[in-house]
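The block underneath contains the structure these notes are about, expressed in structure tokens.
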Amino acid sequence: MPELPEVETIAGVLNNGANDQPPLPGCVILEARLLWERSLAQPAPEVFRRQIAGQSIHSVGRRGKFLVFSLSQDVLLIHLRMSGDILVERGDTPIPSHARLLLHLDNGWRFAFSDARKFGRVWLTKDAGQVLNSLGPEPFDEALTEHDFWLSLQRYHRQLKPLLLDQHFLAGLGNIYTDEALNLARLHPLMNSQKVTEEQASRLLHSIRAVLKEGILRNGASIDWVYRGGDFQNYFRVYRRTGQPCPECGTLIERLIVGQRGTHYCPQCQDLPE
DNA sequence: CACGAGACCTGTTCGC
DNA sequence: TGCGAACAGGTCTCGT
């Protein structure tokens, strides 16, 4: 479910707190409860419970679509996948129906990893790199230049959309922001990455950064039954807008399946060469 | 290497 | 109204 802007928004709220919840940094984890053990990727459940108890939370960050919690001894990593969310509620409130992991905090509040579809995963490790090192660059990394981006596109002979979704290539894009970025860059989702010109690559990188930036500015998108305050869904150019007019030219948005993902694009603005 | 299908899961929406 | 199919913000593994 969440992509870079949503995860960034969640990390920000957890780190700084909000009107209805305190910030996590400074809290001590008293006890962990695993309600669905398969959500735990690493280590074994007993080890996890023993090891995390007593650790304090130093900060909450993000790498790609991973939430990164720096604890006093270890790093807690959470990937929300399709339906995951983090809820921080008072300890005496009812346990959320899809809670998979609960952390009881020393301030009387309770941290819950909620995940209806059970695709999300949790790691507790001393070496976050072991999990995160295979990720591609952060889209906003200044070291990622337009020229580098073009060269990396040249290294593959793949359809643009599946390549952008590949977290080893670039970290953070998901189905929404990939469709949005390709439309803004006026590139067809099936275009071969090797055929992208240097000028088009530059346009694509700018578009990726623009849609992610706007997503973050609007606190992410809230669609389906998962609502967390963001309103980027009201500004989609093509995503889930099949049959509606393209904001640029008015041509009706079309939908096709690419790499088994629903894909939305403007057949006029995003034409497929040859 | 690149692509498609299947798996992992539950809940909502669509179409007849 | 009812019911099965389709669909959903992700990623891994396997076969061709």
Side-chain angles (χ1 to χ4, degrees), chain A residues 1-11 35-42 62-67 77-86 96-101 113-123 131-136 139 152-182 189-196 208 211-212 214-216 218-243 255-264:
Chain A
M1 131 190 138
E3 306 179 30
L4 187 153
E6 289 76 31
V7 179
E8 179 81 18
T9 301
I10 292 170
L35 286 67
W36 183 256
E37 296 197 341
R38 283 200 272 171
S39 294
L40 188 57
Q42 184 196 311
R62 176 195 64 73
R63 171 75 172 100
K65 300 175 193 171
F66 286 82
L67 283 168
L77 299 171
I78 300 185
H79 196 303
L80 302 171
R81 295 281 178 91
M82 291 289 265
S83 59
D85 200 2
I86 303 294
S97 51
H98 300 300
R100 310 303 179 198
L101 167 66
F113 165 50
S114 165
D115 184 19
R117 293 179 70 179
K118 301 176 176 173
F119 288 165
R121 288 294 179 271
V122 176
W123 295 254
V131 179
L132 305 178
N133 276 350
S134 63
L135 290 176
S152 62
L153 286 169
Q154 300 305 301
R155 292 216 312 275
Y156 300 92
H157 198 76
R158 293 177 60 182
Q159 298 172 331
L160 271 185
K161 169 149 178 178
L163 183 57
L164 294 177
L165 286 174
D166 187 336
Q167 303 296 299
H168 306 292
F169 178 77
L170 188 68
L173 285 181
N175 212 32
I176 295 177
Y177 295 90
T178 300
D179 280 5
E180 294 294 305
L182 285 170
L190 292 178
M191 182 178 183
N192 192 289
S193 61
Q194 246 172 31
K195 299 215 162 154
V196 174
I208 288 169
V211 297
L212 290 177
E214 189 183 359
I216 293 171
R218 302 194 183 284
N219 296 313
S222 307
I223 58 178
D224 290 342
W225 68 99
V226 185
Y227 176 76
R228 76 168 65 75
D231 69 341
F232 186 56
Q233 69 279 8
N234 299 321
Y235 301 88
F236 289 161
R237 301 167 61 87
V238 290
Y239 185 74
R240 288 206 194 177
R241 291 193 62 244
T242 309
R255 177 179 188 274
L256 69 164
I257 303 293
V258 180
Q260 306 182 116
R261 311 299 302 277
T263 298
H264 317 76

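Owing to the predicted nature of the structure, the values given are computational and were not obtained by experimental measurement. Naming convention: chains lettered A, B, ... in sequence-line order (proteins, then strands); numbering from 1 in each chain.
- Phosphate contact (OP1/OP2 of C:dG9, side-chain N/O of A:Lys65, threshold under 4.0 Å): absent.
- In this structure, CG of A:Asp115 is placed 12 Å from C1' of C:dG9, rounded to the nearest angstrom.
- Rounding to whole angstrom units, CZ of residue A:Phe66 and C1' of C:dG10 are separated by 10 Å.
- Taking only side-chain atoms of A:Ala116, from C-beta outward, the nucleotide of C:dG9, C:dT11, B:dG11 with the closest atom is B:dG11.
- Across the P atoms, C:dA6 and B:dC9 are found 22 Å apart, a figure rounded to whole Å.
- In summary, A:Asp179 and A:Lys161 engage in a salt bridge, as defined by a charged side-chain N under 4.0 Å from a carboxylate O.
- Put simply, the side chain of A:Leu160 reaches to within 4.5 Å of the side chain of A:Leu153, judged on heavy atoms.
- For A:Glu3, counting side-chain heavy atoms from C-beta on, the closest listed nucleotide (B:dC9, B:dG11, C:dG9) is C:dG9.
- Residue A:His79 places at least one side-chain N or O closer than 4.0 Å to OP1 or OP2 of C:dT11.
- Atom pair A:Leu163:CG and C:dT11:P shows a separation of 14 Å (rounding to whole Å applied).
- Rounded to an integer number of Å, the gap from A:Tyr177 OH to C:dG9 P is 12 Å.
- Looking at heavy atoms from C-beta onward, A:Leu256 lies in side-chain contact with A:Leu190 at the 4.5 angstrom threshold.
- Straight-line distance from the CZ atom of A:Arg117 to the P atom of B:dT12: 12 Å, rounded to whole Å.
- Atoms CG and CD, from A:Asn175 and A:Glu180 in turn, are 10.5 Å apart once rounded to the nearest 0.5 Å.
- A:Trp123 has its side chain within reach of A:His79: a pair of non-hydrogen atoms, C-beta onward, lies under 4.5 Å apart.
- Rounding to whole angstrom units, NE2 of residue A:His264 and C1' of C:dC7 are separated by 10 Å.
- A:Ile86 pairs in a side chain to side chain contact (heavy atoms under 4.5 Å, CB included) with only one of the listed residues (A:Asp115, A:Ile10, A:Leu101), which is A:Ile10.
- In this structure the side chain of A:Ile223 reaches within 4.5 angstrom of the side chain of A:Tyr239, judged on heavy atoms.
- Taking the C1' atoms as reference points, C:dC12 lies 23 Å from B:dG11, given to the whole Å.
- For the pair A:Arg100 and B:dC9, the criterion of a side-chain N or O lying under 4.0 Å from OP1 or OP2 is not met.
- Among the duplex regions that DNA chain B forms, those built from at least three successive Watson-Crick or G-U pairs under 3.5 Å are B:2-8 with C:10-16, B:10-16 with C:2-8, ordered by first number.
- Checked against a 6.0 Å centroid threshold, the rings of A:Tyr177 and A:Phe232 count as neighbours.
- Within the 4.0 Å cut-off from OP1 or OP2 of C:dG10, not a single side-chain nitrogen or oxygen of A:Gln167 is found.
- In this structure the side chain of A:Lys65 never reaches within 4.5 angstrom of the side chain of A:Leu80, judged on heavy atoms.
- Computed from coordinates, the A:His98 NE2 to B:dT12 C1' distance equals 11 Å when rounded to whole Å.
- As rounded to whole Å, 15 Å separates atom P of C:dC7 from atom CD1 of A:Ile223.
- Among the nucleotides C:dG9, B:dC9, C:dG10, the one closest to the side chain of A:Arg38 is B:dC9.
- Contact annotation: the side chain of A:Phe66 approaches that of A:Leu135 to within less than 4.5 Å [non-hydrogen atoms, C-beta and beyond].
- Evaluation of A:Phe119 against the base of B:dC8 yields a stacking contact (centre distance < 5.5 Å, interplanar angle < 30°).
- Neither OP1 nor OP2 of B:dC8 sits under 4.0 Å from any side-chain N or O of A:Lys118.
- Residue A:His168 has its side chain nearest to C:dC12 when only C:dC12, B:dC9, C:dG9 are considered.
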Show each protein N/O and nucleotides 1-5 of chain B N/O combination with a separation under 3.5 Å, one pair to a line.
residue: B:dA2; atom: OP1; partner: A:His157; partner atom: N; Å: 2.8
residue: B:dC3; atom: OP1; partner: A:Gln159; partner atom: N; Å: 3.3
residue: B:dA5; atom: N7; partner: A:Gln260; partner atom: OE1; Å: 3.1
residue: B:dA5; atom: N7; partner: A:Gln260; partner atom: NE2; Å: 2.9

